[in-house]
Amino acid sequence: MSVKSDKDFSIYFNPPSLSDAKKRGKEDVKVHYNFSIPEEMTGFGIGKKYLIRTYGCQMNEHDSETMKGMLEQIGYEATEEASEADVILLNTCAIRENAEEKVFGQLGNLKHLKKENPSLILGVCGCMSQEENVINRILQKHNFVDLIFGTHNIHRLPHLIKDCYFNKEMVVEVWSKEGDIIENLPKKREGMRAWVNIMYGCDKFCTYCIVPYTRGKERSRRPEDVIAEVRDLARQGFKEITLLGQNVNAYGKDFEDINYRFGDLMDDIHKIDIPRVRFTTSHPRDFDDHLIEVLAKKGNLVEHIHLPVQSGNTEMLKIMSRKYSREHYMNLVSKIRKAIPDVVLTSDFIVGFPGETEEQFEDTVSLVKEVEYDFAYTYIYSAREGTPAAKMKDDVPEEVKKQRLKRLNEAVAESSYKQNAKLQGQTVEVLVEGISKNNAKFLSGRTRTNKLVHFEGTEDLIGHFVDVKINKTTTWFVSGNIVVQEVV
Ligand code: SAH
Ligand code: SF4
Ligand code: F3S
């Protein structure tokens, strides 16, 4: 559809709709293997530069790598300077209100560039673009934006850029329904760690969460495609991969022709010669015994599990529609700990959910103490339009929410401190990431369990594994000295 507005913008508009997104059909998801850049776009970006700013989770980070890959394939070069760019894309996150406000703030800051360089294409993509209210706000208040597209059609980027150039009008192309799976999109990966999507979307519909609406229904990539990509990354010399999905434990549930789940995938990836394999995020509900058994084989499967719990109170979990109880979660933790004694567990929490009482919040603090997490992300509940929780009475006063966040952070910090202290005197394998931000003589890297380690060393070690003996531990990082230098 093409709409002429009074601003004389032509809008190619397939309006996003949360109610449409909520419908989960049984229709088959097709996999397309024949992606190619349209011939008329070849060389289109030569002599031009792009900048992509990414907000939100790893899924968005990885989508940005794909968009960079496509832009570079048509000739664009990367720049970090907004004033130099011919294309600026904001890849946005809708998870909380402050994530969205950041993007609107950025749009305000970038507005003057449109005056200085009228041929600049300023685009908004990612999860916010899937929201009706966001599109309306951009149309009304930020109509200098040239392009809006969503999470289901990033493969259309070359076409959309072309539309922008030739129409000089605002182009809006957002699909309310998820599309098929598109394989073989180019990707621009940097460093020695790589993200690998194993599935898209989420069907869990936790009552507070916008993701099932912005990312569509669960669709798993075929195992042979994931495995081929991991093998290729291994051949290219990547040291670590992170398998991505909003709920990786639901992997394979949508296959009708094969019985192949996340545990099977991990078992197959375990056999591939790549040093470290991580995954995120796992939902406690679908974490099955087979997966635990496979993870216990270790090897390249690291002993770190991010297992978001959100709340330690069963009643709260029910209202959040997490579909497990505190007891179920604690049983799962015990099973995992039994199978993998040195496992590191991390989590996400929401405080101040509608109706959360002081006692219910205390259950969350007690759970942190009981589980002894190594780290956790903690958030104040943020109402998201269109979600069931947004209709609940947001009755916890702001001050109380902040107080609870502070208390929870203290409990998490105490737990992190205790867990890190266990590393004192131990020798750990570290993948060296770069020069430490605070001291140029120091390098930083991560253990298998994702702990940040600082140690003295030279730049040539970046991208390699070293063994470090820990002599200092704090709440946020550990430090020590290199003992064995194993250049892999
Ligand atoms: N799929 C992952 C979570 C992805 S979102 C999972 O289920 O574990 C990352 C985290 O953001 C969530 O775990 C939750 O803690 C937080 N979050 C999601 N929606 C939120 C909201 N409306 N307000 C505050 N925090 C939220
Ligand atoms: Fe959101 Fe729940 Fe899905 Fe995670 S599992 S993305 S919190 S709906
Ligand atoms: Fe944000 Fe979308 Fe990820 S809402 S957290 S970028 S899936």
Side-chain angles (χ1 to χ4, degrees), residues 18 21-22 24 53-64 90-100 102-103 124-131 134 150-152 154 178 195 197-218 243-251 253 279-287 305-312 316-317 319-324 329 345-354 356 364 373 375-392 394 396 401 404-405 408 412:
L18 290 185
K22 262 184 233 174
R24 291 291 192 255
R53 295 219 168 114
T54 310
Y55 305 82
C57 66
Q58 295 92 335
M59 207 71 68
N60 256 16
E61 293 284 348
H62 190 42
D63 283 350
S64 287
L90 304 183
N91 191 7
T92 63
C93 170
I95 203 85
R96 282 169 291 274
E97 193 182 343
N98 56 6
E100 297 203 344
K102 245 190 247 168
V103 169
V124 176
C125 56
C127 287
M128 280 171 68
S129 304
Q130 295 293 142
E131 296 181 290
V134 167
T151 56
H152 305 314
I154 62 171
E178 63 284 326
W195 311 113
N197 273 124
I198 63 164
M199 58 187 301
Y200 304 96
C202 180
D203 286 350
K204 281 281 185 280
F205 288 99
C206 302
T207 51
Y208 49 81
C209 185
I210 196 76
V211 172
Y213 311 94
T214 63
R215 292 275 170 176
K217 74 171 178 186
E218 287 173 355
L243 306 175
L244 293 181
Q246 284 302 341
N247 170 13
V248 289
N249 305 79
Y251 178 79
K253 267 188 165 179
F279 58 92
T280 195
T281 301
S282 49
H283 191 290
R285 171 107 188 275
D286 299 319
F287 210 110
I305 302 172
H306 187 59
L307 197 61
V309 65
Q310 314 301 353
S311 166
M316 271 288 105
L317 289 169
I319 305 172
M320 290 176 168
S321 194
R322 289 292 288 181
K323 301 184 181 75
Y324 54 82
Y329 186 88
L345 295 175
T346 56
S347 191
D348 293 347
F349 291 93
I350 295 177
V351 300
F353 191 79
E356 186 188 60
T364 297
Y373 291 107
F375 180 73
Y377 295 99
T378 55
Y379 306 105
I380 287 180
Y381 166 72
S382 170
R384 310 313 296 134
E385 195 177 313
T387 61
K391 295 188 194 79
M392 299 175 194
D394 192 358
V396 181
K401 287 180 180 169
R404 287 185 189 163
L405 183 70
L408 182 61
V412 170

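One-based numbering, in listed order, for ligands and for the atoms of each. None of the values given here were measured: they were computed from a predicted structure.
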Q: Please check if any side-chain donor atom of R322 sits under 3.5 Å from a side-chain acceptor atom of Y208, or the reverse.
A: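 The criterion, which ignores hydrogens and geometry beyond distance, is satisfied for Y208 and R322.
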Q: With heavy atoms under 4.0 Å as the rule, classify the contact between Y379 and ligand 1 as side chain, backbone, both or neither.
A: side chain
Numbering as shown, the atoms of ligand 3 that approach [X] to under 4.0 Å (heavy-atom distance):
X    : value
C93  : 1 (Fe), 4 (S), 5 (S), 6 (S)
Q246 : 7 (S)
N60  : 6 (S)

**Q.** Contact check, side chains of E100 and Y55, non-hydrogen atoms, under 4.5 Å
**A.**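 Contact flag for E100/Y55 side chains = no.
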Q. Mind checking whether F375 and Y377 have parallel, tilted or perpendicular rings, split at 30° and 60°?
A.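 Plane angle over 60°, so perpendicular.
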Q. When only distance counts, is Y208 in polar contact with ligand 1, meaning an N/O pair under 3.5 Å?
A. yes
Q.
Side chain or backbone, does R322 bring an N or O within less than 3.5 Å of an N or O on ligand 1?
A.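 Min N/O separation from ligand 1 is below 3.5 Å for R322.
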(Q) For atom 6 (C) of ligand 1, tell me which residue out of V211, V351, T281 has the closest non-hydrogen atom. (A)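 Comparing heavy atoms across V211, V351, T281, the nearest one to atom 6 (C) of ligand 1 lies in T281.
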Q. Under 4.0 Å from ligand 3, counting heavy atoms only, is it the side chain of C127, its backbone, both or neither?
A. side chain
Q | atom 2 (Fe) of ligand 2 [closest protein heavy-atom partner, distance rounded to 0.1 Å] | A | C206 SG, 2.3 Å
(Q) Within 2.8 Å of atom 1 (Fe) of ligand 2, is there any N, O or S atom belonging to C209? (A) yes
